Amino acid sequence: MTLLKYIVLFIVHQTVVSIKYEPNWDSLDTRPLPQWYDQAKLGIFIHFGVFSVPSFDHVPSWFWKYWHDKSDMHSVEFMKKNYPPRFTYQDFAAEFTAEFFNAEEWAEIFNASGAKYAVLTTKHCDGFTLWPSKTSFNWNSNSIGPKRDIVGEFSAALRKKSSLKVGLYHCLQEWFNPLYLKDKESNYTGQEYVKFKVQPALYELINNYKPEVLWSDMCELKGPAEYYKSQEFLAWLYNER
Ligand SMILES: *[C@@H]1O[C@H](CO)[C@@H](O)[C@H](O)[C@H]1NC(C)=O
Ligand SMILES: *[C@@H]1O[C@H](CO)[C@@H](O)[C@H](O)[C@H]1NC(C)=O
């Protein structure tokens with residue numbers, strides 16, 4: 001009986017240590033869903049960023065796009081009525097002071113709610129990062145606005161003051177990033193944006209903050225997974241992290 005138990009344990013151990021995911025969907029899809037996630041039932045999702053300043057209309061995180069494209073005339077009128085003519089979306093960043101942001105207070109409230117994880121928008125489609133990202137020069141929460149590492153405070157507070165798992169949302173695309181637009185123009189045969197922006201940012205998020213959930217999003221359903229190097233990234237994530 002005991003011998004059998006050891007043999008079983010040995011096999012289980014060998015299986016666990018020897019699984020190596022390959023960068024293709026067949027292999028990646030064999031990874032089991034983490035049990036805690038399967039049972040979590042309730043998570044919290046937070047949109048927070050430069051768009052929180054105008055915080056306008058029903059989808060505030062899309063404000064810049066709607067206003068820029070004039071696809072929602074409410075936002076155009078809102079800007080005309082409330083801001084000087086040459087005011088830009090970038091000007092909102094200085095007003096994004098996050099003066100009342102208290103991550104530990106959030107964590108305590110979240111914990112009391114019974115939720116099992118919380119996800120923060122670390123970078124939405126406007127490209128502004130809530131952490132001092134090396135790939136988002138001067139367009140991040142440490143250089144302008146709060147002058148704080150919001151992602152760092154969020155992750156540390158959840159771990160200190162709650163039982164919630166840390167979730168980080170990251171939008172693959174950026175509406176107006178010239179590198180992205182250039183790749184798109186080439187029908188995604190160019191990969192500059194992915195090489196110099198997306199991948200380094202994802203590695204930073206994972207290595208610096210070690211989230212239990214990475215919530216990946218797109219603001220337009222464009223570009224194949226091969227363009228984003230999604231399979232390579234996930235194989236690295238599943239194998240190394
Ligand atoms: C979070 O809430 C759980 C109950 O759901 C409790 O057991 C735990 O102590 C709380 N964690 C912290 C750090 O307050
Ligand atoms: C763009 O690439 C896709 C394959 O990724 C192809 O199906 C499509 O025809 C291409 N479009 C143009 C305009 O070249």
Side-chain angles (χ1 to χ4, degrees), residues 5 9 12-13 15-17 19 21 28-53 55 58-61 93 95-126 128-134 136 140-172 200-217 233-234 236-241:
K5 202 167 113 191
L9 277 177
V12 168
H13 179 72
T15 312
V16 168
V17 296
I19 287 179
Y21 293 99
L28 296 168
D29 286 345
T30 62
R31 183 175 184 259
L33 190 63
Q35 204 180 11
W36 75 265
Y37 188 75
D38 200 25
Q39 294 168 353
K41 293 199 171 89
L42 180 64
I44 291 173
F45 196 99
I46 305 146
H47 280 79
F48 193 43
V50 170
F51 49 79
S52 304
V53 176
S55 205
H58 50 284
V59 193
S61 54
E95 295 182 9
F96 176 51
T97 58
E99 62 184 310
F100 300 118
F101 169 63
N102 180 339
E104 295 200 354
E105 196 183 346
W106 281 18
E108 283 167 3
I109 295 169
F110 296 168
N111 203 53
S113 78
K116 297 291 185 265
Y117 64 100
V119 182
L120 174 70
T121 52
T122 68
K123 186 198 80 163
H124 213 277
C125 314
D126 61 3
F128 188 87
T129 62
L130 293 190
W131 82 100
S133 175
K134 292 195 181 86
S136 197
N140 67 72
S141 68
N142 209 44
S143 303
I144 191 163
K147 316 266 172 65
R148 285 158 75 179
D149 178 357
I150 302 280
V151 178
E153 290 183 37
F154 173 82
S155 332
L158 279 191
R159 291 184 173 123
K160 185 176 163 200
K161 296 277 183 184
S162 84
S163 321
L164 275 76
K165 306 273 197 222
V166 174
L168 303 182
Y169 163 106
H170 172 271
C171 183
L172 288 172
L202 284 173
Y203 288 118
E204 273 181 14
L205 281 177
I206 300 296
N207 288 330
N208 295 351
Y209 307 108
K210 303 176 172 57
E212 280 94 7
V213 174
L214 176 71
W215 185 301
S216 190
D217 194 16
F233 170 74
L234 288 172
W236 170 78
L237 186 67
Y238 293 172
N239 289 328
E240 311 292 334
R241 291 291 145 195

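Ligands are counted one by one from 1 in listed order, and the atoms in each one are counted from 1 as well. Quick caveat, the model's predicted, so the values are computed rather than measured. Count residues from 1 along the sequence.
Interface of Ser163 with ligand 1, defined as ligand atoms under 4.0 Å from a residue heavy atom, comprises 1 (C), 2 (O), 3 (C), 8 (C), 10 (C), 11 (N). Ligand-side atoms of ligand 1 in range of Asn111: 1 (C), 2 (O), 3 (C), 8 (C), 10 (C), 11 (N), 12 (C), 14 (O), range being under 4.0 angstrom from any heavy atom.
Contacts with ligand 1 closer than 4.0 Å are made by backbone heavy atoms (N, CA, C, O) of Ser162 only, the side chain lying farther away. With a heavy-atom cut-off of 4.0 Å, Lys161 touches ligand 1 through its backbone alone.
Protein heavy atoms all stay at least 4.0 Å away from atom 5 (O) of ligand 1. At a distance under 4.0 Å, no protein heavy atom can be found next to atom 9 (O) of ligand 1. For atom 2 (O) of ligand 1, the nearest protein heavy atom lies closer than 4.0 Å. Using a 4.0 Å threshold on non-hydrogen atoms, atom 12 (C) of ligand 1 counts as touching the protein.
Between Glu212 and Lys116, no side-chain nitrogen of the basic residue sits less than 4.0 Å from a carboxylate oxygen of the acidic one, so the salt-bridge criterion is not met.
Using the six-membered ring where Trp is involved, His47 and Phe45 have ring planes that are tilted, between 30° and 60° apart. Note: Trp106 and Phe101 have perpendicular aromatic rings, judged against thresholds of 30 and 60 degrees for the angle between ring planes.
Partner of Ser141 under the side chain to side chain contact (heavy atoms under 4.5 Å, CB included) criterion, out of Pro146, Ser133, Ser136: Pro146 alone.
Side-chain rings of Phe48 and Phe154 stay apart, their centers remaining 6.0 Å or farther from each other.
Surrounding CD of Gln35 are at most 12 heavy atoms belonging to other residues, nucleotides or ligands under 6.0 Å away.
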